[in-house]
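Each chain gets a letter, A, B and so on, in the order its sequence line appears, and its residues count up from 1. Heavy atoms only: backbone and side chains are in, while hydrogens, waters and symmetry mates are out.
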Amino acid sequence: MRIATWNVNSIRTRMRQVKDWLEEEKPDLLCIQETKVDDPLFPEKELTEDGYEVCFHGQKAYNGVALISRHPLKDVRLGLTGELPNDEQAEQLGVQKRVISALVNDIRVVNLYVPNGSAVGSEKYKYKIQWLKCLNRYLRAQLKRDEPLCLLGDFNIALEARDIHNPERLSGGIMASKEERDALEIALGGRLQDVFRTFEPSTDHWSWWDYRSGAWDRDKGWRIDHIYLCEELIKHAKSCAIHKKTRGNVQPSDHAPVIAEIDWPYVEREEGEDEINNPFNY
DNA sequence: ATGTCGAAATCGTTTCGA
């Protein structure tokens with residue numbers, strides 16, 4: 001099973017590129033962020049006519065998330081609510097459409113667009129920290145369910161120095177401050193592994209390049225788009241790649257897709273099954 | 001550190017968010 005995340009920065013502006021990428025890669029599931037469109041205006045038909053099942057949770061101009069799937073989307077959930085009853089904080093934070101989740105091939109997939117936070121100490125930064133604390137509570141409840149979990153999306157946080165092109169200058173600033181890094185680590189709770197890092201330990205792998213300051217031309221990027229897997233799934237992870245090429249498209253998103261391959265659904269082989277099922281048994 | 005984007009309203013130029 002191949003699962004991808006991509007902040008498309010407006011689905012309506014990027015639809016041609018999304019369709020081209022889907023045609024080339026044929027992932028089982030694509031999770032997108034920053035759709036920037038109200039639900040009634042989501043271009044659903046353009047995807048369903050290509051054989052995808054789609055669910056979305058959007059708003060005008062800002063935020064918005066969606067799932068585009070070759071498999072049935074079951075038990076779709078919107079926002080960080082639904083885990084704890086009468087969760088006022090989750091309800092309040094749910095005004096901004098940043099979370100959509102579903103069961104896909106028995107995997108609980110949670111697609112996130114974490115707040116950017118603007119500048120350390122700002123009102124938006126405080127909101128980001130509150131939001132991450134709420135995510136922590138949501139994941140604590142989710143992990144108790146014993147469903148295989150895949151948490152992915154645009155985290156707007158580079159957790160380590162190797163995830164930033166210039167850690168000396170940028171560490172401590174927005175997307176790299178201690179408080180937001182700690183808040184994300186706590187939410188991950190030592191139970192979720194960044195699948196990209198299980199295959200690639202080195203720096204100079206980015207998923208986002210600012211439109212400004214010629215960041216793409218100078219390859220000055222950040223790795224802020226992640227795919228986290230629970231223990232059970234990480235055992236079956238086969239690869240993880242950043243599709244940097246799309247950032248070089250005409251009128252690109254500022255983010256590139258990240259895609260992971262998992263050997264799933266995984267069927268445990270019985271002792272002697274090879275001999276029974278393989279008539280050539282050599 | 002901001003030189004660029006995308007969307008919306010204040011409408012063709014400005015404002016906000018990233």
Rounded to whole angstrom, note down the [atom1] distance from [N] over to [M].
N: dG3(B); M: dT15(B); atom1: P; answer: 15 Å
N: dA7(B); M: dG12(B); atom1: C1'; answer: 14 Å
N: dA1(B); M: dT13(B); atom1: C1'; answer: 25 Å
N: dC16(B); M: dC11(B); atom1: P; answer: 15 Å
N: dT10(B); M: dG17(B); atom1: P; answer: 15 Å

So, is [X] near the phosphate of [N], with a side-chain N or O under 4.0 Å from OP1 or OP2?
X: Arg14(A); N: dG6(B); result: yes
X: Gln251(A); N: dT4(B); result: no
X: Thr13(A); N: dA7(B); result: yes

**Request:** For nucleotides 10-18 of chain B, just jot down a letter per nucleotide in 5' to 3' order: B, S or -, based on protein non-hydrogen atoms under 4.0 Å.
**Result:** -------SB

Suppose we screen for side-chain hydrogen bond (donor to acceptor under 3.5 Å, both in side chains). Which residues come up paired with [X], at least two apart in sequence or across chains?
X: Glu25(A); value: Arg2(A)
X: Ser253(A); value: none
X: Asn63(A); value: Gln59(A), Arg98(A)

**Prompt:** Restricting to pairs with a member in residues 14-40 of chain A, which pass ring-ring contact (aromatic ring centres under 6.0 Å, His included), not counting sequence neighbours?
**Reply:**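 Applying ring-ring contact (aromatic ring centres under 6.0 Å, His included) to every pair that reaches into residues 14-40 of chain A, excluding sequence neighbours, yields Trp6(A)-Trp21(A), Trp21(A)-His243(A).
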
**Asked** Which pairs pass ring-ring contact (aromatic ring centres under 6.0 Å, His included) with one or both residues in residues 49-78 of chain A, sequence neighbours excluded?
**Response**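 For residues 49-78 of chain A, and leaving out neighbouring residues, the ring-ring contact (aromatic ring centres under 6.0 Å, His included) pairs sorted by first residue read Phe42(A)-Phe56(A).
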
Exercise answer: donor-acceptor pairs, residues 233-242 of chain A side-chain atoms, under 3.5 Å, sequence neighbours excluded:
none

**Item:** Rounded interatomic separation in angstrom, taking CD1 from Ile174(A) and P from dA1(B)
**Value:**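 Nearest whole value for this atom pair: 16 Å.
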
**Item:** Spacing of Met175(A) atom CE relative to dT2(B) atom C1', expressed in whole Å
**Value:**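 So the CE-C1' distance, Met175(A) to dT2(B), works out to 13 Å.
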
**Asked** What's the closest nucleotide to the Ser10(A) side chain, out of dT2(B), dA8(B), dG6(B)?
**Response**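 Comparing dT2(B), dA8(B), dG6(B) against the side chain of Ser10(A), the answer is dG6(B).
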
**Item:** Residues from residues 216-227 of chain A lying under 4.0 Å of DNA chain B - heavy atoms
**Value:**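 The answer is Arg218(A).
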
**Asked** Side chains of Asn9(A) and Lys36(A): do they bring a donor and an acceptor to under 3.5 Å?
**Response**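 Present: a donor and an acceptor within the cut-off.
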
**Whichever of Pro252(A) and Ser213(A) has its nearest DNA chain B nucleotide further upstream toward 5'** =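 Per heavy-atom nearest nucleotide, the more 5' residue is Ser213(A).
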
**Set of residues satisfying salt bridge (Lys or Arg N to Asp or Glu O under 4.0 Å) with respect to Glu179(A), sequence neighbours excluded** =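 Not a single residue meets the salt bridge (Lys or Arg N to Asp or Glu O under 4.0 Å) criterion with Glu179(A).
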
**Message:** A quick test of your reading: do over 12 heavy atoms of other residues, nucleotides or ligands sit less than 6.0 Å from CG of Asn166(A)?
**Reply:**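 Above 12, so yes.
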
